[in-house]
2 protein chains.
Amino acid sequence: MKFNTKTRYALRTMLELALNEENDEGVFQKDIAENQVVSVKYLDHIIASLKAADLVENVGGKKSGYKLTRLAEEISVYDIYRAFEDELAIIDCLLHGGKCPTKHLCVMKDYWTGLNQSIRSNMESMNMKELANRHISVNDK
Amino acid sequence: MKFNTKTRYALRTMLELALNEENDEGVFQKDIAENQVVSVKYLDHIIASLKAADLVENVGGKKSGYKLTRLAEEISVYDIYRAFEDELAIIDCLLHGGKCPTKHLCVMKDYWTGLNQSIRSNMESMNMKELANRHISVNDK
DNA sequence: CTTTTATCCTACCAAATTAGTAGGATAAGT
DNA sequence: ACTTATCCTACTAATTTGGTAGGATAAAAG
């Protein structure tokens with residue numbers, strides 16, 4: 001039961017962009033890599049996924065910085081999770097088409113469904129603006 | 001973000017034992033395997049872990065059935081999870097000794113800590129007696 | 001206009017984890 | 001004596017994870 005490192009790095013990347021929301025020039029990939037202590041090459045993959053999910057864009061042409069595509073307030077933790085994973089399904093039988101061999105009505109599936117929903121709601125209700133605000137209040141004395 | 005199949009099978013195994021709490025002869029491994037549509041050999045591993053975690057025991061000698069070691073009400077979903085995994089830590093930096101390369105105070109870690117706690121509380125607050133009761137009310141018309 | 005540099009894009013890969021199977025020992029019941 | 005159910009240790013194929021490598025592209029700097 002772990003989140004993968006890509007999702008974690010992506011969250012921190014998005015946090016940096018949220019903190020620079022007002023900066024029209026965006027943030028350079030290489031600066032993010034440096035701040036997050038991750039190789040530029042690895043960050044390549046992470047940013048590629050974020051772009052594919054339409055969460056970030058580069059403001060100018062090829063050599064420009066990145067910005068969020070929408071307000072930090074409108075980007076949830078779950079949005080970022082979804083850039084790397086399918087819909088949250090903590091066990092396979094929650095997936096559409098997931099099969100279950102038990103013959104009787106499955107009380108375990110009901111339990112998992114509730115837990116799954118609880119985790120998802122938690123991620124959906126936290127947004128990057130709130131995280132950025134918390135970061136500022138904790139770090140800038 | 002998935003629970004593994006061992007934990008899932010273990011939950012269903014424990015549910016069967018909880019449903020047979022009053023049955024002093026216990027439940028045979030081979031009957032569980034048949035009901036859960038899993039090979040006896042694979043169930044071997046699962047039951048071995050449950051025994052190691054002191055959640056089940058066999059009532060007689062070698063060829064006897066299994067019973068819960070304590071009341072179903074006193075066994076939580078998290079107890080069963082813990083028979084197969086270390087303490088829940090949805091990201092590594094939540095572990096004791098987990099390191100984090102960020103230089104500033106980490107607001108992400110606080111977020112993950114909260115989510116981790118929420119998941120854990122959910123699993124701790126559901127017990128096998130409650131699941132068994134639900135099973136009965138859903139299946140026995 | 002050449003060199004540098006930052007992003008973009010596709011492969012590849014080693015290590016770890018997962019979800020089992022296999023083989024046989026042990027011991028109890030018939 | 002034979003069958004059968006649990007016990008115990010290995011092994012393994014497939015998938016996932018967490019990256020690295022190489023090079024293309026394009027903009028900017030000199």
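This is a predicted model, so every value here is computed, not measured. Letters A, B, ... are given to chains in the order of the sequence lines, protein chains preceding strands, and every chain is numbered from 1.
For the pair A/Met1 and A/Ser64, nearest-nucleotide mapping onto DNA chain C gives the more 5' position to A/Ser64.
Among the heavy atoms of the strands lying under 4.0 Å from A/Lys41 is at least one base atom, whether or not backbone atoms are also near. Residue contacts for B/Lys51: at a heavy-atom cut-off of 4.0 Å it reaches the sugar-phosphate backbone alone, with no base atom in range.
Between A/Tyr42 and A/His45, the ring planes lie perpendicular to each other; the angle is over 60°, past the 30° to 60° tilted range. Using cut-offs of 30° and 60° on the angle between ring planes, the pair B/Phe3 and A/Trp112 is tilted.
Regarding A/Lys30, its NZ atom lies at a distance of 17 Å from the C1' atom of C/dC8, rounded to whole Å. Summarising the geometry, the separation between NZ on A/Lys2 and P on C/dA15 is reported as 21 Å, rounded to the nearest angstrom. In this structure, B/Leu50 atom CG and D/dT6 atom P are separated by 14 Å, rounded to whole Å. The CD-P distance, from A/Glu57 to C/dA6, rounds to 21 Å in whole Å. Rounded to whole Å, atom C1' of C/dA28 lies 15 Å from atom CD of B/Gln29. If you measure from atom CZ of B/Phe28 to atom P of D/dT6, you get 6 Å, rounded to the nearest angstrom. Between A/Gln36 atom CD and D/dG18 atom P the separation is 16 Å, expressed in whole Å. Straight-line distance from the CG atom of B/Asp44 to the C1' atom of C/dA25: 12 Å, rounded to whole Å.
A donor N or O paired with an acceptor N or O is not found under 3.5 Å between the base of C/dT18 and the side-chain atoms of B/His45.
Here the nucleotide nearest the side chain of B/Tyr9, chosen from C/dG20, C/dT7, D/dG18, is C/dG20.
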Worked check of salt bridge (Lys or Arg N to Asp or Glu O under 4.0 Å) between A/Glu34 and A/Lys30
CA-CA 6 Å; A/Glu34 195 175 321; A/Lys30 67 187 248 299; 5.8 Å; no

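An OP1 or OP2 oxygen of C/dT21 is reached within less than 4.0 angstrom by a side-chain nitrogen or oxygen of B/Ser39. Look at B/Asn58 and you won't find any side-chain N or O under 4.0 angstrom from OP1 or OP2 of D/dA5.
Taking the charged nitrogens against the carboxylate oxygens, A/Glu21 and A/Lys67 have no contact shorter than 4.0 Å, which rules out a salt bridge. Taking a cutoff of 4.0 Å between a charged side-chain nitrogen and a carboxylate oxygen, B/Arg82 and B/Glu87 qualify as a salt bridge.
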